[in-house]
Visitor: 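Got a structure for you, questions after.
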Amino acid sequence: MFLSKLSAYASSPIREDDILASKLAKEGNKVIKLNSGDPAKYINTPKRVIRAYIEALKKNENYYSNSQGIEPLREAIAARHKKVYGLDADPEKIVVTQGISEGLQFLNTALIDKGDKAILIRPYYPLYTSYLQIVGGKAIFADATEENNWDIDLDALAKRVKGEKRIKYMLITNPNNPAGYIISRKKLEEIVGFANEHDLFIISDEIYDELVYKGSFTSISQVAGDTPYMILNGMSKGFVATGFRLGYMLIPNEDEKSKALLLKLIELAQMRLSPNTPAQFAYAEGLRNLSAHNREVSKLRAILKERLYFATKEVNESDYMHALPPSSAFYVFPKLEMQKLKFKSDKEFVRSLLIEKYIQVTRGSGFGMPGHFRIVALPSKEVLEEAIDKINEFCKEHSVKR
Ligand SMILES: Cc1ncc(COP(=O)(O)O)c(C=O)c1O
């Protein structure tokens, strides 16, 4: 066998129909892409961040940087966590990555041997499973369901982990993609209690922490105390900078696990030399002026909230799907009334929708939740309306006649 067995786990459900979508577009069809959560396709990156990127290039700041990330950026990240969440974070406890995606790869390489396990919450961000499985890890799932108002069921999880050994970490997405919920402070405290009871390292992906429209967001750093944890965040969403994106891993505590993991992540970061250097200067500049950033983000939030709530309303007018109004991010995650439709699976639904109506969305099974699909609510209201009308029309055309 030429390819490795583990490479079978290389997958991104969000992009799996990209080749077909491009082919359809090349044939002259107007394809509406609602699959990738890329705000930069619809909203401009703040000008001052772009200027800082160009300025860095002009000053020849385009060498291999420190593998962990340039100091001014790590200082700016630490200062933001202090200002927003009251966390005394040492810049030395931060590793800058080429997006959270690279951080996920480092994390799993650092922690997972074949047969090790990690707890993920369904619905999850698809790359969590891909990066876990590709190094031989196995997921144990907790569930958040819309019937339960997206509350994470820790009692069921406790039963699932009973007798299980070698569980390395528990990964939460707060705010959540795809379901748009935020985890309450009380639930976060319970998660910390659960992690302590089962000796788990907590990973909290907080990439949407600035895109919250309803309720109040609590960072894991506000409740974790001495429990070992890591925060993942980055510039893709809040800075609308997906093209030259960066992420980071922040491990603030001083326990043995945190210290060992941090050192290992730095070694892994050294293996890939360094993240994009001009982008680091741009990100540092973006964060340094936090009041300018806050002004930019509130404008962004207002635009995104309007589009997201519009899309949710449109979805809920259909007889074939429904979605709880999300509190954050920019995704609608409708549940399909599968019994009213002729499709055997959400995969078939999504692929046929692309072929017949030229609309690309992502199947719920890619997030560990079959029978759903995810709409990226980033385009203008006109485009969203056109797309959701077509999805509805498509459902009617494939409905079970009674
Ligand atoms: C929850 C979550 N984590 C991580 C990522 C990837 O982030 P990055 O662009 O920093 O790799 C995304 C992108 O959509 C996401 O939704």
Side-chain angles (χ1 to χ4, degrees), residues 11-16 18 33-43 45 49 69 73 77 94-108 118 120-132 144 150 152 169-183 202-212 217 219-220 230-250 265 269 272 275-276 279-280 282-283 286-287 300 304 308 326-333 360-362 364 366-369 374-378:
S11 82
S12 173
I14 294 170
R15 291 171 177 245
E16 67 191 5
D18 272 6
K33 286 178 74 71
L34 302 178
N35 60 313
S36 171
D38 186 350
K41 291 251 174 77
Y42 306 96
I43 290 158
T45 310
V49 177
L73 173 55
I77 292 168
I94 293 168
V95 180
V96 177
T97 54
Q98 205 61 57
I100 287 184
S101 311
E102 190 185 52
L104 292 170
Q105 194 183 348
F106 288 177
L107 169 71
N108 285 293
L120 304 178
I121 322 285
R122 288 187 288 217
Y124 50 76
Y125 177 58
L127 295 187
Y128 297 162
T129 39
S130 307
Y131 280 119
L132 171 65
W150 299 122
I152 300 167
Y169 65 80
M170 174 165 181
L171 200 172
I172 57 176
T173 322
N174 185 30
N176 185 263
N177 169 14
Y181 65 83
I182 50 178
I183 304 178
I202 301 176
I203 322 265
S204 182
D205 181 344
E206 301 184 355
I207 196 166
Y208 297 102
D209 69 337
E210 298 189 297
L211 303 181
V212 173
F217 171 76
S219 165
I220 192 71
M230 170 198 288
I231 291 177
L232 298 170
N233 208 329
M235 73 187 305
S236 293
K237 317 290 174 176
F239 278 92
V240 195
T242 42
F244 56 91
R245 80 208 210 279
L246 294 169
Y248 62 88
M249 314 172 95
L250 165 59
L265 293 171
R272 64 77 166 101
N276 180 324
Q280 293 183 67
Y283 194 9
L287 283 171
L300 175 67
L304 297 185
L308 181 62
S327 307
S328 63
F330 37 67
Y331 308 102
V332 191
F333 193 53
Q360 188 181 3
V361 293
T362 306
F367 303 85
M369 196 153 274
R374 189 188 75 166
I375 297 173
V376 170
L378 285 168

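Order of listing sets the numbers, starting from 1, for every ligand and every atom in it. All values below were derived from every heavy atom in this structure, side-chain atoms included, with hydrogens, water molecules and symmetry-related copies excluded.
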Visitor: I'd like to know if the side chain of Gln98 and the backbone of Asn276 have a donor-acceptor N/O pair within less than 3.5 Å.
Guide: yes
Visitor: Just wondering, do Phe367 and Arg374 contact through their side chains at under 4.5 Å, heavy atoms?
Guide: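 Touching, per the 4.5 Å side-chain cut-off.
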Visitor: With a cutoff of 4.0 Å, is Gln98 in contact with ligand 1, counting heavy atoms of the residue only?
Guide: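 Heavy atoms of Gln98 never come under 4.0 Å of ligand 1.
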Visitor: Kindly identify the option in Tyr125, Phe330, Tyr331 whose heavy atom sits closest to atom 12 (C) of ligand 1.
Guide: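 Result: the heavy atom closest to atom 12 (C) of ligand 1 is in Tyr125.
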Visitor: Using a strict threshold of under 4.0 Å (side-chain N to carboxylate O), is an ion pair present between Asp38 and Lys33?
Guide: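 No, Lys33 and Asp38 are not salt-bridged.
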Visitor: Quick check against the 3.5 Å criterion: does Glu206 have a side-chain atom that pairs as donor or acceptor with the backbone of Thr173?
Guide: no
Visitor: Taking atom types as modelled, find out whether Tyr169 and Asn108 have a side-chain donor-acceptor pair closer than 3.5 angstrom.
Guide: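 Judged by distance alone, the side chains do pair up.
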Visitor: Taking 4.0 angstrom as the limit and counting only heavy atoms of Lys237, give me the atoms of ligand 1 inside it, by number and element.
Guide: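 Answer for ligand 1: 13 (C), 14 (O).
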Visitor: Distance under 4.0 Å to a non-hydrogen atom of Asn177: what atoms of ligand 1 satisfy this?
Guide: 15 (C), 16 (O)
Visitor: Check each atom of ligand 1 against the heavy atoms of Thr173 and keep those under 4.0 Å away; list them by number with element.
Guide: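 What qualifies from ligand 1 is 1 (C).
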Visitor: Looking only at the side chains, is there a donor atom on one of Asn233 and Asp205 sitting less than 3.5 Å from an acceptor on the other?
Guide: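 On atom types as modelled, these side chains do not qualify, holding no pair under 3.5 Å.
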Visitor: Between ligand 1 and Tyr128, is the shortest N or O to N or O distance under 3.5 Å?
Guide: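 No, since none of the N or O atoms of Tyr128 sits under 3.5 Å from an N or O of ligand 1.
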Visitor: Quick check against the 3.5 Å criterion: does Asn176 have a side-chain atom that pairs as donor or acceptor with the backbone of Tyr181?
Guide: no
Visitor: Would Ser236 count as a contact residue for ligand 1, given that I'm defining contact as a non-hydrogen atom of the residue lying under 4.0 Å from a ligand atom?
Guide: yes
Visitor: Indicate yes or no for a side-chain donor-acceptor contact from Asn174 to the backbone of Ile183 under 3.5 Å, with no hydrogens or angles considered.
Guide: yes
Visitor: Check ligand 1 against Asp205 and write out every atom of the ligand that is under 4.0 Å from a heavy-atom position of the residue.
Guide: 1 (C), 2 (C), 3 (N), 4 (C)
Visitor: Quick check on contacts: which atoms of ligand 1 are under 4.0 angstrom from a heavy atom of Ile100?
Guide: 4 (C), 7 (O), 8 (P), 10 (O), 11 (O)
Visitor: Return yes if some donor-acceptor pair links the side-chain N/O of Thr242 with the main-chain N/O of Ser236 below 3.5 Å, else return no.
Guide: no
Visitor: Would you call Gly247 a ligand 1 contact, heavy-atom distance under 4.0 Å?
Guide: no
Visitor: Considering heavy atoms of the protein only, find what lies nearest to atom 7 (O) of ligand 1 and give residue, atom and distance to 0.1 Å.
Guide: Ile207 CD1, 3.5 Å
Visitor: Just let me know how Met235 lines up against ligand 1, side chain, backbone, both or neither, with a heavy-atom cut-off below 4.0 Å.
Guide: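 It is neither; nothing of Met235 touches ligand 1.
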Visitor: Give the residue, atom name and distance (to 0.1 Å) of the protein heavy atom nearest atom 11 (O) of ligand 1.
Guide: Ser101 OG, 2.6 Å
